[in-house]
Amino acid sequence: MAAVSLCMIVKDEEDVLGRCLDSMKGLVDEIVIVDTGSADRTKETAALYTDRIYDYPWVGDFAAARNYAFEKGRMDYLMWMDADDVLPPEEADRFIEMKEQIADEDVIMMPYVTAFDEKGRPVFHYYRERIVRNHAGFRFQGKVHEVIQPAGKIIYRDIRIEHRKLRVKPGSGDRNLKIYEKMEENGEYFDSRALYYYGRELVYHRKYEKGAEVLSCFLTRPDGWTENKIDAARQLAVCYYGMCEEQKALHSLLHALEYDVPRGEICCDLGRHFQDRGRYEQAIYWYKQALHAKKAPETGAFIDEDCYGFLPAVSLCVCYDRLGNRREAEKYNELAGIYKPQSPYYLSNKKYFERKAE
């Protein structure tokens with residue numbers, strides 16, 4: 001059985017670190033905790049699980065901190081998690097089985113779930129390079145949204161890690177954006193991935209003009225990853241909507257279709273564009289495309305599960321109702337209910353149709 005070091009960087013995580021380590025206790029062979037400046041009882045919590053606790057001064061560089069943690073790992077393989085991540089209990093046996101089966105793999109990709117519906121079910125995920133062979137030269141890159149470039153023998157295991165944030169820590173909301181802005185101020189080079197994520201941070205903070213500038217620049221880069229380009233076109237549309245340039249927003253969404261067959265996410269965006277403008281026939285076309293759309297390959301692309309089922313179905317219900325076609329509206333609401341039987345939108349629509357039938 002392969003031995004695994006869990007290597008983590010933490011700061012002020014006393015409220016979630018125990019939950020994370022409880023989920024991994026007995027599954028990994030070593031726990032390494034690198035503290036980047038906690039002012040709470042994070043290190044005391046960590047000491048309940050391991051004596052391998054180190055201090056590392058925060059220098060505004062996530063990759064540097066994670067690489068330091070990896071340098072302390074002594075086992076065959078190195079694994080990373082954030083303090084507000086957990087391995088669901090039902091995945092524990094599969095994790096042990098995976099360790100028993102590891103032979104000569106270099107990188108193990110696992111799904112990272114970062115959003116959940118009202119019942120706590122996963123709705124948004126992407127694969128991350130979660131476990132790598134030790135002493136094989138794997139290093140994190142990027143001051144923000146740090147990543148390891150997978151290489152060698154890569155396998156995918158459907159054992160999910162869930163990001164279960166309890167709260168937003170003071171100052172963390174704009175931390176990433178400040179790092180990127182400091183990089184720009186210092187004249188540092190942005191590779192294509194950094195440029196893409198800088199643009200996303202700007203959109204998140206509603207800095208639409210700057211976001212449009214950065215994302216447009218990224219889309220001109222020949223080495224940009226296809227999935228990032230598709231998403232960048234979607235984010236650029238958000239910028240144009242925020243700048244009240246609706247025609248440019250539509251053109252940006254259509255531009256995303258150049259990169260590959262339409263994804264469910266872009267089909268739903270186009271459907272919403274036309275729905276919001278009362279052009280229901282066109283909206284219906286795109287929502288139907290979403291129901292049959294091809295998902296991005298499981299290589300790290302963001303996947304919004306709702307865009308391949310519930311969201312287009314419930315939107316089709318609304319569009320058909322606006323056109324006065326109650327039969328089709330009810331049909332698609334029932335389809336939405338199959339995807340999410342407890343959704344308040346589905347249940348509200350159901351009551352609406354029941355009242356109309358009286």
Q: Evaluate side-chain contact (heavy atoms from CB on, under 4.5 Å) for L215 paired with C239, printing each intermediate quantity in order.
A: CA-CA 9 Å; L215 290 167; C239 292; 4.1 Å; yes
(Q) Are there over 12 heavy-atom neighbours, none belonging to D276, within less than 6.0 Å of that residue's CG? (A) yes
Q.
Is a donor from one side chain sitting under 3.5 angstrom from an acceptor on the other, for Q149 and R193?
A. no
Q | Sub-4.5 Å side-chain heavy-atom contact between E71 and R139 | A | yes
Q.
Tell me if the CZ atom of R272 is crowded by more than 12 foreign heavy atoms within 6.0 Å.
A. no
Q) Looking only at heavy atoms, what is the nearest atom pair of A212 and Y240, with distance? A) CB-CE2, 4.4 Å
**Q.** From CA spacing to verdict: side-chain contact (heavy atoms from CB on, under 4.5 Å), D15, D40
**A.** CA-CA 10 Å; D15 54 345; D40 64 1; 5.7 Å; no
(Q) Are there over 12 heavy-atom neighbours, none belonging to F190, within less than 6.0 Å of that residue's CZ? (A) yes
(Q) Can you confirm whether more than 12 heavy atoms, excluding those of K182, are under 6.0 Å from its NZ atom? (A) no
Q. Is any side-chain heavy atom of I159 closer than 4.5 Å to a side-chain heavy atom of L87?
A. yes
Q: Output the distance between atom OH (Y241) and atom CG (L250), rounded to the nearest 0.5 Å.
A: 6.5 Å
Q. CD of E44: more than 12 outside heavy atoms within 6.0 angstrom?
A. yes
Q.
So C20 and M81, do their side chains get closer than 4.5 Å, heavy atoms only?
A. yes
Q) Is R322 close to V318 at the side-chain level, that is, under 4.5 Å between some pair of heavy atoms? A) yes
Q | Interatomic distance, C319 atom SG to E281 atom CD [nearest 0.5 angstrom] | A | 9.5 Å
Q) Which pairs with one or both residues in residues 331-358 pass ring-ring contact (aromatic ring centres under 6.0 Å, His included), sequence neighbours excluded? A) Y320-Y332
Q: Would you please test I31 and K25 for side-chain contact (heavy atoms from CB on, under 4.5 Å) and show each step?
A: CA-CA 9 Å; I31 295 174; K25 185 170 57 177; 5.8 Å; no
Q: Decide salt bridge (Lys or Arg N to Asp or Glu O under 4.0 Å) for D35 and K43; before the verdict, give the C-alpha distance in whole Å, the side-chain angles of both, and the deciding distance to 0.1 Å.
A: CA-CA 7 Å; D35 189 279; K43 289 197 285 187; 5.1 Å; no
Q: Using a 4.5 Å cut-off on heavy atoms from C-beta on, say whether the side chain of M24 contacts that of F95.
A: yes
**Q.** Name of the residue among H145, E184, K210 meeting side chain to side chain donor-acceptor pair (under 3.5 Å) with Y198
**A.** E184
(Q) I'd like to know whether Y126 forms a side-chain contact (heavy atoms from CB on, under 4.5 Å) with T114, so could you lay out the CA-CA distance, the side-chain angles of the two residues, the decisive distance to 0.1 Å, and finally the verdict. (A) CA-CA 8 Å; Y126 51 100; T114 60; 3.9 Å; yes
Q. Just how far is it from atom CD1 of I108 to atom CD1 of I131, taken to the nearest 0.5 Å?
A. 4.5 Å
**Q.** Salt-bridge present (E90, R160; N to O < 4.0 Å)
**A.** yes
Q: Mind telling me whether W80 and F140 have parallel, tilted or perpendicular rings, with 30° and 60° as the class edges?
A: perpendicular
Q: Please examine the side chains of E246 and R277, heavy atoms only from C-beta on, and report whether any two atoms are closer than 4.5 Å.
A: yes
Q.
Which residue is it: L17, T50, V32? I am looking for the one with a side-chain contact (heavy atoms from CB on, under 4.5 Å) to M8.
A. L17
**Q.** Closest contact, heavy atoms only, S315 versus Q275
**A.** CB-OE1, 4.0 Å
Q. Does R164 make a cation-pi contact with F116, if we ask for NZ or CZ under 6.0 Å from the ring centre and within 45° of the axis?
A. yes
Q. Does any N or O in the side chain of E129 come within less than 3.5 Å of the main-chain N or O of I148, such that one atom is a donor and the other an acceptor?
A. yes
Q: Could you point out which residue of R128, R66, R130 forms a salt bridge (charged side-chain N to carboxylate O under 4.0 Å, His left out) with D82?
A: R66
Q: State the CG-CG distance between L257 and L270, to the nearest 0.5 angstrom.
A: 6.0 Å
**Q.** M79-V107 co-clustered via ILVMFWY side chain contacts under 4.5 Å
**A.** yes
**Q.** Short N-O contact, E201 and K207, less than 4.0 angstrom
**A.** no
Q: Considering only NZ, NE, NH1 and NH2 on the basic side and carboxylate oxygens on the acidic side, decide whether K178 and E181 come within less than 4.0 Å.
A: no
Q) Shortest non-hydrogen contact from V214 to G199? A) CG1-N, 3.6 Å
(Q) Against Y308, only a single residue in K294, R263, E265 fulfils side chain to side chain donor-acceptor pair (under 3.5 Å); can you say which? (A) E265
(Q) I want to check something: taking the side chain as every heavy atom from C-beta on, are Y56 and I9 in contact at a cut-off of under 4.5 Å? (A) no
(Q) Minimum heavy-atom separation for A3 and D29, please, with both atom names. (A) CA-OD2, 3.1 Å
Q.
I need the minimum non-hydrogen distance between A290 and C268, along with the two atoms involved.
A. CB-SG, 3.8 Å
Q) Aromatic rings Y197 and F302: how do their planes relate, parallel, tilted or perpendicular, breaks at 30° and 60°? A) perpendicular
Q) Atom CZ of R19 and atom CG of D85: how far apart are they, to the nearest 0.5 Å? A) 8.5 Å
(Q) For E328, give me all partners under side-chain hydrogen bond (donor to acceptor under 3.5 Å, both in side chains), at least two apart in sequence or on another chain. (A) K331
Q. Do L316 and K288 come within less than 4.5 Å of each other through their side chains, counting heavy atoms only?
A. yes
Q) Can a donor-acceptor pair be found between the side chains of Y54 and R52 at a distance below 3.5 Å? A) yes
Q | Rounded distance [0.5 Å steps], CE in M98 versus OH in Y77 | A | 10.0 Å
Q | Exercise: identify the closest heavy-atom pair between M1 and I96 | A | CE-CG2, 4.1 Å
Q: Verify the neighbour count for atom CZ of R121: are there more than 12 heavy atoms of other residues, nucleotides or ligands below 6.0 Å?
A: yes
Q: State whether F310 and K340 meet the cation-pi test: NZ (Lys) or CZ (Arg) under 6.0 Å from the six-membered ring centroid, and within 45° of the perpendicular axis.
A: yes
